[in-house]
Number of protein chains: 2
Amino acid sequence: MRAQQRVLAAIEKDFKAAGLPPLGWYDVLWELVKAEAGRLRPFEIEARTLLAQYNLSRLIDRLEKEGLVRREAYGEDARGCWVTVTEAGRAMRARMWETYSRSIEKHVGAKLSDPDARKLATLLSRLV
Amino acid sequence: MRAQQRVLAAIEKDFKAAGLPPLGWYDVLWELVKAEAGRLRPFEIEARTLLAQYNLSRLIDRLEKEGLVRREAYGEDARGCWVTVTEAGRAMRARMWETYSRSIEKHVGAKLSDPDARKLATLLSRLV
DNA sequence: GCATTATATATGCAACTGCATCTACTTCAA
DNA sequence: TTGAAGTAGATGCAGTTGCATATATAATGC
């Protein structure tokens, strides 16, 4: 818990210093960029990111307001929608990754050898 | 990040199911119970728990409203105060520990051997 | 001494979260 | 075919957080 708290705080701080939005935005944008056609249903994003449904719904509001994603109709089921990443969204993800990757390297990579990092990942994976 | 999120959510869920307050309360009460005379200055709690100053200030408000701690004057510096754990606070900490310890065992202990848990702790300690 | 700076804690406000519930569909079963 | 139950997503509200700043007191430099 302590380690997570420290590392997360350090990364968020780097993001803020770079004038970037919160880290949570990255996860959603990244899932969308990875997805086929750059779009997913909200419930798919939910499953991939572990965001709560009501939090995701509002996070999409914020991303949409910033023009990083678009909500589009989902034909086969009128209840649903697609969330599609825009060009601005892709650009923002790329820009965030520059800071993020450096931040991960600084706060995690620099403190563990590659075998140790792998060992850590293995141990943690048993908890999920 | 994922592992922490999952484990924390599972523990908070156990707390809720047992009708207990949030996990954060435990940390503060435990620091106070461990401390000499069952009291600490807010900034000492802050350093031990990694809570932000403004969050701690309001957490103490909530604990005080529930009668679990008391704010008392600190003679040598009129800016400061003592936060003292009450008998009700000690009882609550003990009650929380019953759920907490079982929860840790269930969500962490049961998934790692003792040597693996030690290894994990060692690796994580390098990140803080 | 006295103004400046630093420290300890609190607080107004805006943003975010959790919870419960709502709306709008879809599906299923008789 | 229709009513009950299920699913996708949104939202009102209360509680919590982060940020900036306020308040009160102490320490420090000149």
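Values in this document were obtained by computation on a predicted structure and should not be read as measured data. Per chain, numbering begins at 1; letters A, B, ... match sequence-line order.
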Nearest whole angstrom, please: distance from the [atom2] of [N] to the [atom1] of [X].
{"X": "A/Leu8", "N": "C/dC16", "atom1": "CG", "atom2": "P", "answer": "15 Å"}
{"X": "A/Leu56", "N": "C/dT17", "atom1": "CG", "atom2": "P", "answer": "11 Å"}
{"X": "A/Asp61", "N": "C/dA15", "atom1": "CG", "atom2": "P", "answer": "14 Å"}
{"X": "B/Glu44", "N": "C/dT9", "atom1": "CD", "atom2": "C1'", "answer": "14 Å"}
{"X": "A/Arg79", "N": "D/dA8", "atom1": "CZ", "atom2": "P", "answer": "6 Å"}
{"X": "B/Leu23", "N": "D/dT16", "atom1": "CG", "atom2": "P", "answer": "14 Å"}
{"X": "B/Arg62", "N": "D/dA14", "atom1": "CZ", "atom2": "C1'", "answer": "12 Å"}
{"X": "B/Asp77", "N": "C/dT7", "atom1": "CG", "atom2": "P", "answer": "12 Å"}

(request) Using the closest heavy atom to pick a nucleotide of DNA chain D for each, name whichever of A/Cys81 or A/Lys16 lands nearer the 5' end. (result) A/Cys81

(request) Please figure out whether A/Glu46 or B/Gln53 has its closest DNA chain D nucleotide nearer the 5' end. (result)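 Closest to the 5' end, via its nearest nucleotide, is A/Glu46.
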
(message) Salt bridge check, A/Arg90 against A/Glu87: does any charged N sit closer than 4.0 Å to a carboxylate O?
(response)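 Salt bridge: yes.
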
(request) Look at B/Arg95 together with B/Glu98 and state whether they make a salt bridge at an N to O cut-off of under 4.0 Å. (result)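 So B/Arg95 does not pair with B/Glu98 through a salt bridge.
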
(message) The test is side chain to side chain contact (heavy atoms under 4.5 Å, CB included); show your working for A/Trp30 and A/Met96 and say whether it passes.
(response) CA-CA 10 Å; A/Trp30 181 226; A/Met96 291 175 88; over 6 Å; no

Examine [N]: is either OP1 or OP2 under 4.0 Å from a nitrogen or oxygen in the side chain of [X]? Give yes or no.
{"X": "B/Arg58", "N": "D/dC19", "value": "no"}
{"X": "A/Arg71", "N": "D/dA8", "value": "no"}
{"X": "B/Asn55", "N": "D/dT16", "value": "no"}

(request) Calculate, to the nearest 0.5 Å, the distance between atoms CD and CG belonging to A/Gln5 and A/Leu8 respectively. (result)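 Between atom CD of A/Gln5 and atom CG of A/Leu8 there are 8.5 Å.
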
(request) Select base, sugar-phosphate, or nothing to describe what A/Arg41 touches, counting heavy atoms under 4.0 Å on all strands. (result) sugar-phosphate

(message) Mind checking if B/Tyr54 touches a base, just sugar-phosphate, or nothing, with heavy atoms under 4.0 Å?
(response)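 Base contact.
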
(request) Taking atom NZ of B/Lys13 as the centre, report whether more than 12 heavy atoms of other residues, nucleotides or ligands fall under 6.0 Å from it. (result)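 Not buried by this count: 12 neighbours or fewer within 6.0 Å.
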
(request) Specify the residue among A/Trp25 and B/Gly80 whose closest nucleotide of DNA chain C lies further upstream toward the 5′ end. (result)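 Nearest-nucleotide comparison on DNA chain C picks B/Gly80.
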
